[in-house]
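The next block holds one structure in the form of structure tokens; read it before the comments.
Note: hydrogens, waters and symmetry copies are ignored here, and every other heavy atom, side chains too, is used.
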Amino acid sequence: QVQVVESGGGLVQPGGSPRLSCAASGSIFSIYTMGWYRQAPGKQRELVASITSAGSTNYAESVKGRFTISRDNAKNTVYLQMNSLKREDTAAYYCRHGQGFLEVWGQGTLVTVSS
């Protein structure tokens with residue numbers, strides 16, 4: 001069974017630059033599109049960034065220029081480098097492995113932006 005586990009969340013200050021990690025297992029990781037989503041209190045889950053097997057990336061407008069998604073296929077891991085964090089970035093961040101009927105979600109990691 002494919003499994004993904006997020007890590008790297010926690011309490012960070014505004015302007016901080018944490019890096020989230022999503023480690024996958026049970027798949028040929030390199031062939032799958034990966035994505036980061038987030039869900040803030042009282043809001044719907046939204047796409048933050050995605051990266052294809054070829055390395056093409058897409059970002060939500062709210063994070064363009066601040067966040068960078070990348071992948072290390074040798075480590076079966078996708079990263080989300082988060083820079084210049086704002087209070088509105090506070091959310092549970094989820095990793096998505098694949099899409100459609102192959103889609104698998106992690107349990108999430110909470111990022112709280114507060115001084």
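- In plain terms, the two heavy atoms of Val2 and Val104 that are nearest each other are O-CG1, 3.6 Å.
- No side-chain donor-acceptor contact under 3.5 Å links Arg87 to the backbone of Asp89.
- Scanning for salt bridge (charged side-chain N to carboxylate O under 4.0 Å, His left out) contacts around Arg19 gives an empty result, with sequence neighbours left out.
- Thr33 has its side chain within reach of Arg96: a pair of non-hydrogen atoms, C-beta onward, lies under 4.5 Å apart.
- Ala24 approaches Phe29 most closely through the heavy-atom pair CB-CD1, 3.6 Å.
- In summary, the side chains of Ser17 and Asn83 do present a donor paired with an acceptor at a separation below 3.5 Å, with no hydrogens or angles considered.
- Applying the ring-ring contact (aromatic ring centres under 6.0 Å, His included) criterion to Tyr32, with sequence neighbours excluded, gives His97.
- With Tyr79 as the aromatic partner, Arg71 does not meet the cation-pi criteria of under 6.0 angstrom to the ring centre and within 45 degrees of the ring axis.
- Enclosure of atom CD1 in Ile28 is not indicated, since only 12 or fewer non-hydrogen atoms of other residues, nucleotides or ligands lie within 6.0 angstrom.
- At most 12 heavy atoms of other shown residues, nucleotides or ligands fall within 6.0 angstrom of atom CD in Gln13.
- The hydrophobic clustering, which links ILVMFWY residues whose side-chain heavy atoms are closer than 4.5 Å, places Tyr37 and Leu20 apart.
- Of all heavy-atom pairs between Thr90 and Val113, the closest is OG1-N, 2.9 Å.
- Minimum heavy-atom separation, Ser21 to Trp36: O-CH2, 3.6 Å.
- Glu6 places a side-chain N or O within donor-acceptor distance of the main-chain N or O of Cys95, the cut-off being under 3.5 Å.
- In this model, no donor atom of one side chain and acceptor atom of the other lie less than 3.5 Å apart for Tyr94 and Arg38.
- Trp105 and Leu102 fall into different hydrophobic clusters, where Ile, Leu, Val, Met, Phe, Trp and Tyr residues are linked whenever their side-chain heavy atoms come under 4.5 Å apart, directly or through other members.
- Taking OG of Ser114 as the start and CG of Leu11 as the end, the distance is 6.0 Å to the nearest 0.5 Å.
- Closest approach of Gly9 to Thr109, counting heavy atoms only: N-OG1, 3.1 Å.
- In terms of heavy atoms, Pro14 sits closest to Ser115 at CD-N, 3.8 Å.
- By the 4.5 Å heavy-atom criterion applied to side chains, Val111 and Val12 are counted as neighbours.
- In this structure, Phe67 has no ring-ring contact (aromatic ring centres under 6.0 Å, His included) partners at least two apart in sequence or on a different chain.
- At distances below 3.5 Å, not a single donor-acceptor pair connects side-chain atoms of Ser62 with backbone N or O atoms of Ala60.
- Looking only at side-chain heavy atoms (C-beta outward), Val78 and Ile69 come within less than 4.5 Å of each other.
- When atom types are taken as modelled, the side chain of Tyr93 and the backbone of Val48 share no donor-acceptor pair closer than 3.5 angstrom.
- Contact check for Thr77 versus Cys22: no side-chain heavy atoms found under the 4.5 Å cut-off.
- The local environment of CD in Gln39 is crowded, with over 12 non-hydrogen atoms from other residues, nucleotides or ligands closer than 6.0 Å.
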